[in-house]
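Okay, structure first, notes after.
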Amino acid sequence: MVVLAEAVERATRLGQLAVLAEAAGWAGYRRQLRGRFEDWTRRERPVEGSAPDDSQVTAEEWALFGHYRAVLRELRAEDEAGWSIWGSHVLGSNPPAELRKLGSVVAIDPTSLTSANWRLLDYCQRKARSMIVTLPFDHEPSLSELHAGVESIRQRFLTWGFVEEPEPLGGFSYRPKGLDAIESELFRSDSHERTKFTLNAKSGLKILGGPRGEGLGMLVAREVKAHLDRGVPPEEILVLVPRLDEDSERIRETLLAWNLPTDRGGSRRLANVPAVSALRLAMRLSVEDWQASTLVQLLRNGLIRWKDLDQASPSHRFEAAAAIRSTRVFRDRENLRNALERASADEKKKDRTPRIALKAIDQLSEVLDSVVGSGPWSVQVERAQRLAQSLGLEPEELEPLWDALDDQTWVRLGLGPAIAEESWSWREFVAQIETIVSEIDTPAPPIASGNVRIEPVDAIEGARAKVIILANLAEKTFPTPNAVDLDVTATVGAGSADPANLTYSREMLRFARVAGSADDQLVLAYPMTDVNGEPLLPAGFLDDLMRRLDEASTKACVEEHPRFDPILIGHRDLAQADADARVLAVALAAQGREEEPLRTLATLPRHLDALRGTADAFEVAHRRRIEKVFGEYDGRLADASAIAAIRQEFGPEHAFSPSQLESFALCPFQFYQRYVLGLKVVDERRELDEDYAGRGSEVHRVLEQIHEQAAAEEAENLIERLEVLIQTEMRVELEKLDEKESDLPQVLQEINTRRTDKALKRYVCQFRSYFGRPDGEPKPHKFEVAFGQSEDEDDTASHPHLTLGDEPEVVRLQGKIDRIDLVSREDGKTSFRVIDYKTGSNPSNKDVFDGLASQLPLYALAVERLVLSEEGYEFQDAGYWNLREEGFKNVKIKDWVTYRGELITFVLAMVSQLRGGAFPIVSRKPDCRKFCDYHAVCRVGEVRMVGKVWDERPRLKEDE
Ligand code: SF4
């Protein structure tokens with residue numbers, strides 16, 4: 001990798017990269033490039049020769065190839081392809097003593113040969129006492145296309161004097177008939193004229209179609225199990241796949257879930273090793289300017305040892321992560337710290353998590369600040385190792401990474417002091433690590449014997465097995481779309497055949513040889529539907545094969561299942577994984593069909609916990625379904641100690657906010673989740689999302705400030721004065737932003753400020769029409785008036801709680817009223833008006849009278865009883881001031897005295913219910929699932945289906 005990087009560097013310096021300048025930096029492209037270099041090296045293309053074609057891209061790649069080989073020469077090193085060429089030359093000129101005389105040599109199916117391979121074979125044929133070469137070949141003219149790729153190879157052996165012996169008649173007669181069908185019939189040029197295959201269940205060929213992924217995995221697992229049950233040793237069963245990918249992993253997982261002896265798989269990309277991922281997160285943090293999302297991921301990473309946090313409590317790291325998320329700061333350590341400092345100083349919230357998060361940031365800063373910096377490669381590697389150690393990461397898992405970095409150190413040293421001592425910034429070093437881990441695989445563990453292996457087709461060339469299962473034969477796997485390689489002639493000998501056909505022939509032969517490798521059984525498995533149930537096409541060669549089967553053969557050899565029912569009731573033989581077996585057994589018992597499978601599972605210890613959990617879930621579902629009244633499984637608590645705890649928490653000392661009461665009025669179960677259980681809603685706001693709540697608070701703040709000032713000045717022309725004050729305030733705010741550098745948070749803040757500016761300009765117009773209302777001349781009187789809050793919770797003084805009812809069932813309320821206006825009426829009296837600012841939509845009048853929006857009338861009550869109780873002003877009205885739309889609009893309460901009495905009774909009844917542990921799942925809004933934050937954990941659908949009614953529901957008026 002580092003050699004290629006140096007080659008790119010040299011070519012760039014010489015101005016040789018024009019079209020590839022950018023691509024040469026991409027990890028994916030470099031991987032491709034290495035493949036191309038390997039190919040050119042194997043073909044022994046002389047670097048001083050011309051590029052393989054005239055295109056600009058090839059010319060630049062060829063220049064890179066020249067530098068690449070030059071760097072290797074300077075290092076006196078070779079890559080894998082180069083070593084094989086070197087070895088083949090040494091063998092000819094100066095062979096090691098033990099290879100000077102060879103006994104018998106057997107070359108099995110050498111069908112794809114490089115020049116180095118030919119040198120080796122040439123050496124063998126000259127030095128060996130005897131030599132046998134097997135080649136897949138048939139003189140039958142109609143099979144010439146299939147064997148076109150082998151023809152030139154065969155000719156060469158014949159030129160060397162080899163004597164050709166066709167396979168003796170009946171040589172493979174022990175194999176079932178179906179296995180030969182592919183080799184001898186499928187690819188015949190006259191196949192359209194020949195009769196269809198006639199096969200039966202004993203012909204050794206089976207074709208399986210199933211749902212992609214787990215479904216196909218179960219079909220493969222069933223075949224493997226059947227053969228193991230018949231006594232076939234696991235090593236004699238090979239599962240082949242076009243490539244190792246997600247689908248092949250599904251097959252492996254299924255075999256393992258069925259407890260079949262299965263090889264656990266080979267290497268994995270270094271980037272996917274958990275300890276390496278954790279280290280990369282930590283390394284990236286300072287490069288990404290302490291991005292909050294990376295920090296959160298790091299805190300949640302279970303591999304990292306957080307010395308102080310983990311010692312105090314295992315949940316501290318998660319609490320710290322939650323606190324960081326809720327700051328809404330997206331990056332910058334200082335900004336994060338400031339936001340957490342502010343949150344931890346907010347006594348009102350009594351939240352300890354910001355402190356824990358600060359501790360985590362400080363701990364991580366200490367570690368990172370000691371390693372982040374510039375330095376030569378070897379110094380940076382040593383720093384990364386120190387960082388890994390400080391984070392307590394598993395050293396063994398990081399070994400492949402250190403090996404890869406050491407290789408790079410070695411190459412840099414080999415290229416001379418200028419390169420070895422070159423300084424790397426931390427950012428450059430981290431970027432290089434990202435490239436390395438995305439390109440390098442960890443070494444594959446040794447293959448354990450006694451296991452079924454899953455391998456890519458090309459990895460087992462020449463292997464034989466009793467049972468071969470070729471799976472994942474989706475469209476474009478056989479033949480592959482890139483099977484046509486016009487450059488292939490260089491390998492097999494120019495002029496032997498049309499290159500395109502030759503490549504296609506090789507692809508046919510590849511497929512036929514898989515079939516030829518099975519002694520007893522060949523299973524071809526293909527995904528026939530995708531995860532959404534949409535049909536998929538099989539591989540082209542498989543499709544050809546299926547078309548060649550006659551009707552009886554199709555019946556006997558092909559088994560297709562577009563989908564499986566989730567409980568596998570129609571496919572019991574597939575319910576072998578523990579989880580599937582439990583689902584099936586429970587389903588059979590629940591349907592009243594059979595109880596025995598469940599009884600059997602219940603005797604096995606490994607199923608017990610899961611079955612007990614299932615039984616409990618059934619009990620809950622059953623109770624929910626049969627009981628017509630709300631019980632403990634749908635929100636009405638029955639446990640006396642739980643109710644006592646709630647009574648304690650929400651007793652006379654508790655100060656309810658109107659939004660708590662509104663939540664209970666809407667749905668007691670929502671209140672239970674939010675305020676009793678304290679379930680927090682995950683804040684998924686993205687960086688560019690608008691901060692509506694923040695803007696609302698800002699508008700409130702500015703309105704309070706300008707009205708306070710105008711009231712203090714006793715301004716003559718209130719409207720003009722407001723206009724001036726708003727303009728001044730917003731100019732000051734915008735000037736503040738002008739002084740700052742415009743990074744993303746600043747830009748977002750500026751957008752917010754400009755929007756606030758717009759809302760306030762609109763407010764002046766609204767105020768003008770408000771001033772002209774016919775019901776009396778209004779005068780803004782008090783702003784942001786708090787009640788029920790202790791003075792140290794806010795800068796401003798607070799009125800006492802609004803207290804309703806009598807001891808011991810007294811209910812205390814707290815809140816903050818946006819504005820109180822005094823209205824001079826025509827009759828000479830002065831009354832008060834309560835105003836609530838809205839930046840969103842107003843609650844409807846109906847919601848106010850039904851108790852779903854009780855905040856405004858409760859604030860009016862607080863004004864009457866607490867704020868203006870001594871002045872003796874009458875209640876005029878209350879209303880919402882919509883800052884986005886029409887400004888002030890009052891709620892039409894005709895008889896305030898009667899309504900006030902009903903409201904108090906309603907609030908007392910609600911609190912009495914909640915203190916008694918009644919939180920039934922009953923929402924006043926039928927479409928609540930669309931907007932409720934807790935819909936994912938709520939069974940309102942089931943409850944509604946049963947038609948449960950909450951008779952004791954407190955009512956503000958007969959609304960239903
Ligand atoms: S989804 Fe509906 S019923 Fe369930 S908690 Fe939310 S509001 Fe209540």
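The first residue of the sequence shown is numbered 1, and numbering continues consecutively from there. Remember, it's 1-based here, ligands and their atoms both numbered in the order they're listed.
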Exercise: identify the closest heavy-atom pair between Val810 and Pro652: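 Where Val810 meets Pro652 most closely, the heavy atoms are CG1-CB, 3.4 Å.
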
Asn532: side-chain contact (heavy atoms from CB on, under 4.5 Å) partners, not counting sequence neighbours: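 Partners of Asn532 by the side-chain contact (heavy atoms from CB on, under 4.5 Å) criterion, ordered by chain and then number, come out as Asp530, Glu534.
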
Residue pairs fulfilling side-chain hydrogen bond (donor to acceptor under 3.5 Å, both in side chains) with at least one residue in residues 851-860, sequence neighbours excluded: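 Listed by first then second residue: Asp836-Gln855.
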
Salt bridge (Lys or Arg N to Asp or Glu O under 4.0 Å) partners of residues 880-900, not counting sequence neighbours, each pair once: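 Every pair satisfying salt bridge (Lys or Arg N to Asp or Glu O under 4.0 Å) with a residue in residues 880-900: Glu864-Arg900.
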
Atom 8 (Fe) of ligand 1: protein N, O or S atoms [distance under 2.8 Å]: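 Hits for atom 8 (Fe) of ligand 1 below 2.8 Å: Cys667 SG.
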
Flag if over 12 foreign heavy atoms under 6.0 Å of CZ, Arg625: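 Incorrect, the count does not exceed 12.
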
Under 3.5 Å side-chain donor-acceptor pair for Arg812 and His654: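 No donor-acceptor contact under 3.5 Å links the two side chains.
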
Region of Gln673 engaging ligand 1 - heavy atom pairs below 4.0 Å: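 Answer for Gln673: side chain.
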
